[in-house]
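Since the structure comes first, as structure tokens, the remarks are kept for the end.
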Amino acid sequence: MGKVHVLDHPLIQHKLTYIRDKQTGTKEFRELVDEVAMLMAFEITRNLPLQEKTIETPVMEAQTKVLAGKKIGLIPILRAGLGMVDGMLKLIPAARVGHVGLYRDPETLQPHEYYIKLPSDIADRELIVIDPMLATGGSANDAIHSLKKRGAKQIRLMCLVAAPEGVEVIQNAHPDVDIFLGALDEKLNDHGYIIPGLGDAGDRLYGTK
Ligand code: URA
């Protein structure tokens, strides 16, 4: 079963409060999401492997550490996932970015990918799927299936806010995928919104309705 990590650093909790607040306008919402994404990237990369490196400081030779060259891929799910990419790239600037766009046919409920563009070497990369709101889990589940079908082997899921219903869907469908959250909320309402949540993340990021 994939582990759920709630990244409840005080700065993340503080900024999430203002992200949730309906008084927060588009510009500030976007900036806060960017900042939280950067803080979450810091936490999610904690276990990156290191290797020894010998350098010369101005004083003496020293054995130090550098990242062992683990290759990362960020995979935002369109469109709200895009709002977290730049914040993450501030800390992981060499990451490659793939994009997945999906919708569910309202009649057949089958997922349809309307856009997918991935780095060619996804099998060798640690992929971080980015979906700010893990509600029913439908899109994240479909996106992860899509990536696995194309050879992805190591996948993590990163979300700002999740509902327990969505977490359960991912844990059942993808027991190999760890989930990193800014907050785990109470539940979904009858319209599929996370409560208390923050409303529609895409609309709030892009000022649409
Ligand atoms: N997607 C959103 O943007 N918000 C929710 O609450 C649920 C799904």
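Here the structure is a predicted model, which means the values were calculated and not measured. Both counts, for ligands and for their atoms, begin at 1 and track the order of listing.
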Fill in the blank from the handout: With sequence neighbours left out, the residues meeting side-chain contact (heavy atoms from CB on, under 4.5 Å) with Lys65 are Leu50, Glu52
Handout entry: Residue pairs involving residues 134-162 (criterion ring pair (Phe, Tyr, Trp, His ring centres under 6.0 Å); sequence neighbours excluded)
Key = His145-His174
Handout entry: Minimal non-hydrogen separation, Ile44 against Asn47, with atom names
Key = O-OD1, 3.9 Å
Exercise for the section: Mind listing the closest non-hydrogen atom pair of Met40 and Leu181 along with its distance? Expected result: CE-C, 3.6 Å
Practice task
Give every residue pair that meets the ring pair (Phe, Tyr, Trp, His ring centres under 6.0 Å) criterion with at least one member in residues 63-97, sequence neighbours excluded.
Solution key: none
Fill in the blank from the handout: Looking only at heavy atoms, the pair that brings Ile170 and Gly137 closest together is CD1-O, 3.9 Å
Handout entry: Amino acids contacting ligand 1, non-hydrogen cut-off under 4.0 Å
Key = Met133, Ala135, Gly192, Tyr193, Ile194, Gly199, Asp200, Ala201
